[in-house]
Amino acid sequence: MLKIISALIAGLLFGIGLALSGMVNPNKVINFLDITGNWDPSLMFVLGGAVITTTIAFRFIFTKEKPLFDNDFHLPTLLKVDAKLLIGSTLFGAGWGLIGYCPGPAVASLSFNLEKSSIVVISIVAGILLHEILKRPSKQ
Amino acid sequence: MENFTPLASALGGILIGISASILMYLNGRIAGISGIISGAFRSSSTFEKLWRLAFLAGLIGGGYIYNLFFPISIVPRESITTAILIIGGITIGIGTSMGSGCTSGHGICGVSRFSLRSILATATFLISGIITVYLVKIILE
């Protein structure tokens, strides 16, 4: 139960942070990526603020043996840079630049921008499930 | 450089960082939204689904609360039609699933852990996003 409450609180803070930062506005995202045009560097401050905060906090957190409510830190086990990582990230960047949404802001703006963000969220879920279905045969 | 909001954006970023730190410190989990969405559908155990759904409910609630106090207005771009939203969303879904993460998981949590995979992923999606915006501009103008 504690783990569910802490996830809910983390989600709330994340959502408020996304809204305050301006990342929920796809126009701002597109202007950030539009470095040859009407460039808005604000989102660099979002990434910077977040990365600096987590870098400092993670240094402290990873000195602990385990998280407060769990037995292990669940970190990615895959360390190798492969084609999937780079092709996947290229595709993600293309979708991001095309519509100005990434997964977090699309979910966080469901309450005030329902029509557009619900289309985006459903399509993202469809894409995730599609990739899962497509990759299955090659694994066997 | 109109609409430049360095202070609000940095503060928002710090809040996002605090959220990611809380999730790691308390639950030992990475605040990667694409992974959390994927796990909310695909995890085998009910509990694994539940904490992810709670996080996503919080995410929606956070946007809702902010908008109550400071209403957000977004001017829709006519060039971004429903069909484009769907194509973009599906591309994002496939890309984040194949690349194991998005702006939050790679760009924030992974970069903060100095993960080589995440640093390269972040550079890749930023460059790809910049090129896409540029190409869209050329085609539309």
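In what follows, chains are A, B, ... by sequence order, proteins preceding strands, each numbered from 1.
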Can you tell me if [X] uses its side chain to pair, donor with acceptor, with the backbone of [Y] under 3.5 Å?
X	Y	result
Ser42(A)	Thr5(B)	yes
Asn27(B)	Lys3(A)	yes
Ser128(B)	Ala94(A)	yes
Asn3(B)	Lys28(A)	no

Would you tell me whether Thr54(A) and Ser112(B) have side-chain atoms, one donor and one acceptor, within less than 3.5 Å of each other?
->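 Result is yes, a qualifying pair exists.
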Using only heavy-atom distances, determine whether the side chains of Thr36(A) and Lys137(B) contain a donor-acceptor pair under 3.5 Å.
->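 Yes, Lys137(B) and Thr36(A) have a side-chain donor paired with an acceptor closer than 3.5 Å.
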Can you tell me which of [options] forms the most heavy-atom pairs within a distance under 4.5 Å of chain A?
options	result
Ile72(B), Ile92(B), Ile74(B), Leu15(B)	Ile92(B)
Ser19(B), Gly99(B), Ala121(B)	Ser19(B)
Ile16(B), Thr124(B), Leu53(B)	Ile16(B)
Val136(B), Ile36(B), Thr96(B)	Thr96(B)

Scan for side chain to side chain donor-acceptor pair (under 3.5 Å) pairs involving residues 102-129 of chain A, sequence neighbours excluded, and state none if there are none.
->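 Residue pairs with at least one partner in residues 102-129 of chain A: Tyr101(A)-Asn113(A).
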With Val133(B) as reference, evaluate Ile30(A), Ile35(A), Val29(A), Asn31(A) under the side chain to side chain contact (heavy atoms under 4.5 Å, CB included) test and give the passing residue.
->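 Of the listed residues Ile30(A), Ile35(A), Val29(A), Asn31(A), the side chain to side chain contact (heavy atoms under 4.5 Å, CB included) partner of Val133(B) is Ile30(A).
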Can the ring centres of Phe45(A) and Phe4(B) be said to be less than 6.0 Å apart?
->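 Yes, ring centres under 6.0 Å apart.
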Name the region of Phe14(A), side chain, backbone, both or neither, that has any atom closer than 4.5 Å to a heavy atom of chain B.
-> both
